[in-house]
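Each remark here refers to the structure printed beneath this line.
Nothing here was measured: the structure is a model prediction, and the numbers come from that model. Only heavy atoms go into these numbers, but all of them, side chains included; no hydrogens, no water, no symmetry mates.
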Amino acid sequence: MAALSSNLLFVAFILYLIATLFFGGSIKEKKGLSEKKETNKWGKIAVFLTIVGFVSQLGYFITRWIAAGHAPVSNMFEFTTFFGMALVGAFIVIYFIYRTTLLGLFTMPVAILVIAYASMFPRDITPLIPALQSYWLHIHVTTAAIGEAILAISFAAGLIYLVKAIDQTKSSKRTFWLEAVMFSLVTVLGFVAISSIFSGMGYQEKFNWVDKHDNEAVVEYTMPAITGPHEGELLTKDGFKPLVEMPAIVNAKKLNTVIWSLIGGIILYGLIRLIIRKRISAALKPLVKNINLDFVDEISYRSVLIGFPVFTLGALIFAMIWAQMAWSRFWGWDPKEVWALITWLFYAAFMHLRLSKGWHGEKSAWLAVIGFVIIMFNLVAVNLIIAGLHSYAG
């Protein structure tokens, strides 16, 4: 069953890749995007492949659930693959409302990067620790992920808006920050590339270290240790000695992974710029030349309008109920809880600025992009670097 689950996820990933290519072909044939339009043959094929891929990934989710005996959202691999699936599902729903294939061209690469990112984490099925043995695991985590996925559609629409609206013929703060967003997406791909390289080399080294509870433990690195564990002792002969030793509150191994991801991202981004000889956002601009900005702005806003209450329900309300049952307190200022609150406050401010202050268009698009950056910071940095009650999710 576990092997079938992995195969279904791989099939879904390949179908998403092919669908993205067809979405690109459909855009080249479209004459404009000012209102709801019939999708051309390339777009229809792309949507069909996306739906088949989604069904395949749903099959992965169900079969892994059967194999594990619990909802597969208990670690980084499982949660992130579910987030990717929810993102694709959200796109499919939005597509049938607005009938725009351009959204698929910007959304599917994000989903592909999310699933590729997930594949770099351990995929073994393990028993749930006591803290996770509750039906609230299914309710809280899945609802929060679906809310974040819908909000991610707002990011894709906001990105389309900014690529179209920002003048790429001259450098400015707007072009810099838009390119910074592109770089962050490339960094995820850099993480996948650098992890695959070291995995292919079979790189491994072990450290004996003292955790934040002053207990000795052994940690295994699969990349050279730029950041080492607290009071770490290298056990591997001829292993790479850490450049910096981190305090116990920081997960040194996962911080090391983030640093290597940045290194891979910088190298990959440099290669891309060397090949295309322009900003990535400038290279994407011809794809959006015929879009109607008001139409894309509406998609972005509606996605927040739907995603925000779903996120509120899953990430805050259900989380507080479960925390009260598991730890006898509904709030504890755990890093993950704090960033969930920050995310909620940001989107609450988004709604306020949109409705009360008239922040439409480019301002709204920037907010949508920043919101997704906060979500990804919560998923990546908070989960991987800061040790807390949610560290088991790593």
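Atom OG of residue S56 and atom CZ of residue F10 lie 10.5 Å apart, to the nearest 0.5 angstrom. We find the CG-CD1 distance between L17 and I112 to be 4.0 Å, quoted to the nearest 0.5 Å. The structure places CD1 of I306 at 5.5 Å from CD1 of I97, a figure rounded to the nearest 0.5 Å. A distance of 8.5 Å separates CZ of F207 from CG of L235, quoted to the nearest 0.5 Å. Going from atom OG1 of T80 over to atom CE of M85 covers 12.5 Å, rounded to the nearest 0.5 Å. In this structure, the separation between CG on L87 and CG on L151 is 11.0 Å, given to the nearest 0.5 Å.
Smallest separation of non-hydrogen atoms from G264 and I194: CA-CD1, 4.4 Å. When all heavy atoms of L103 and A156 are compared, the closest pair comes out as CD1-CB, 4.1 Å. Closest approach of L268 and G190 over heavy atoms only: CD2-N, 3.9 Å. Here the closest non-hydrogen pair linking A368 and S154 is CB-OG, 3.2 Å. Of all heavy-atom pairs spanning W65 and P72, the tightest one is CB-CD, 3.7 Å. The two residues K285 and A165 have their closest heavy-atom pair at NZ-N, 4.4 Å.
Between F79 and F83, the ring planes lie parallel to each other; the angle is under 30°, not in the 30° to 60° tilted range. Between Y98 and F295, the ring planes lie perpendicular to each other; the angle is over 60°, past the 30° to 60° tilted range. Classification of the F23-F91 ring pair by plane angle, with boundaries at 30° and 60°, yields perpendicular. Relative orientation of the F372 and F155 rings is parallel, given thresholds of 30° and 60° on the angle between their planes.
Just one of Y301, W344, F346 meets the ring pair (Phe, Tyr, Trp, His ring centres under 6.0 Å) condition when paired with F308; it is W344.
By the 4.5 Å heavy-atom criterion applied to side chains, M76 and Y117 are counted as neighbours. Contact of the R123 side chain with the T81 side chain is not registered, since no non-hydrogen atoms from C-beta on lie closer than 4.5 Å. Between Q57 and I115, some side-chain heavy-atom pair lies under the 4.5 Å cut-off. At least one side-chain heavy atom of M201 sits less than 4.5 Å from a side-chain heavy atom of F198. Side-chain contact between I263 and I226 is present, with at least one heavy-atom pair separated by less than 4.5 Å. With contacts defined as side-chain heavy-atom distances shorter than 4.5 Å, the pair W177/W366 qualifies. F22 is not listed as a side-chain neighbour of T50, based on a closest heavy-atom distance of 4.5 Å or more. Here the side chains of I321 and I317 are in contact, with some heavy-atom distance below 4.5 Å.
In this structure, T63 contributes its side chain and Y60 its backbone to a donor-acceptor pair below 3.5 Å. Of the possible donor and acceptor atoms, one in the side chain of R273 sits under 3.5 Å from a partner among the backbone N and O of K278. W260 places a side-chain N or O within 3.5 Å of a backbone atom of P224 that can act as its donor or acceptor partner. No side-chain donor-acceptor contact under 3.5 Å links E205 to the backbone of L234. T257 places a side-chain N or O within 3.5 Å of a backbone atom of K253 that can act as its donor or acceptor partner. Under the 3.5 Å distance criterion, the side-chain polar atoms of S184 are matched with a main-chain donor or acceptor of V181. Counting only distance, with no hydrogens or angles, the side chain of E362 and the backbone of L162 share no donor-acceptor pair below 3.5 Å. Counting only distance, with no hydrogens or angles, the side chain of S281 and the backbone of E179 share no donor-acceptor pair below 3.5 Å. A donor-acceptor contact shorter than 3.5 Å links the side chain of S195 to the backbone of F191. Judged by distance alone, with hydrogens and angles left aside, the side-chain atoms of T175 form a donor-acceptor pair with the main-chain N or O of S172 at under 3.5 Å.
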Item to complete: Begin from the C-alpha positions of L159 and M182 and carry the test side-chain contact (heavy atoms from CB on, under 4.5 Å) through to its verdict.
Response: CA-CA 10 Å; L159 200 58; M182 298 299 176; 4.0 Å; yes
Item to complete: Go through H140 and V73 one step at a time and tell me if the side-chain contact (heavy atoms from CB on, under 4.5 Å) criterion holds.
Response: CA-CA 10 Å; H140 156 55; V73 288; over 6 Å; no
Practice prompt. Could you walk me through whether F77 and L9 pass side-chain contact (heavy atoms from CB on, under 4.5 Å), step by step?
Written response: CA-CA 12 Å; F77 170 72; L9 180 61; 3.8 Å; yes
Item to complete: Determine, step by step, whether I280 and Y269 satisfy the side-chain contact (heavy atoms from CB on, under 4.5 Å) criterion, reporting the C-alpha distance in whole Å, the side-chain angles of both residues, the deciding distance to 0.1 Å, and the verdict.
Response: CA-CA 9 Å; I280 295 176; Y269 178 79; 3.6 Å; yes
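Tracing side-chain contacts under 4.5 Å through hydrophobic residues (I, L, V, M, F, W, Y), one never reaches L271 starting from L262; they form parts of separate clusters. By the rule that hydrophobic residues join a cluster once side-chain heavy atoms approach within less than 4.5 Å of another member, V218 and M223 end up as members of separate clusters. Under the 4.5 Å side-chain heavy-atom criterion for Ile, Leu, Val, Met, Phe, Trp and Tyr, L274 and L185 are members of distinct hydrophobic clusters. In this structure, I45 is not a member of the same hydrophobic cluster as L21, with clusters built from ILVMFWY side-chain heavy atoms closer than 4.5 Å.
Counting non-hydrogen atoms of other residues, nucleotides and ligands closer than 6.0 Å to CZ of F48 gives a total of 12 or fewer. The 12-atom threshold is not exceeded at NZ of K206, counting heavy atoms of other residues, nucleotides or ligands nearer than 6.0 Å. Shown here is F318, whose CZ atom has more than 12 heavy atoms of other residues, nucleotides or ligands within 6.0 Å.
For the residue pair S300 and Y161, no side-chain donor N or O sits within less than 3.5 Å of a side-chain acceptor on the partner. Between the side chains of T236 and Q204, not a single donor N or O lies within less than 3.5 Å of an accepting N or O.
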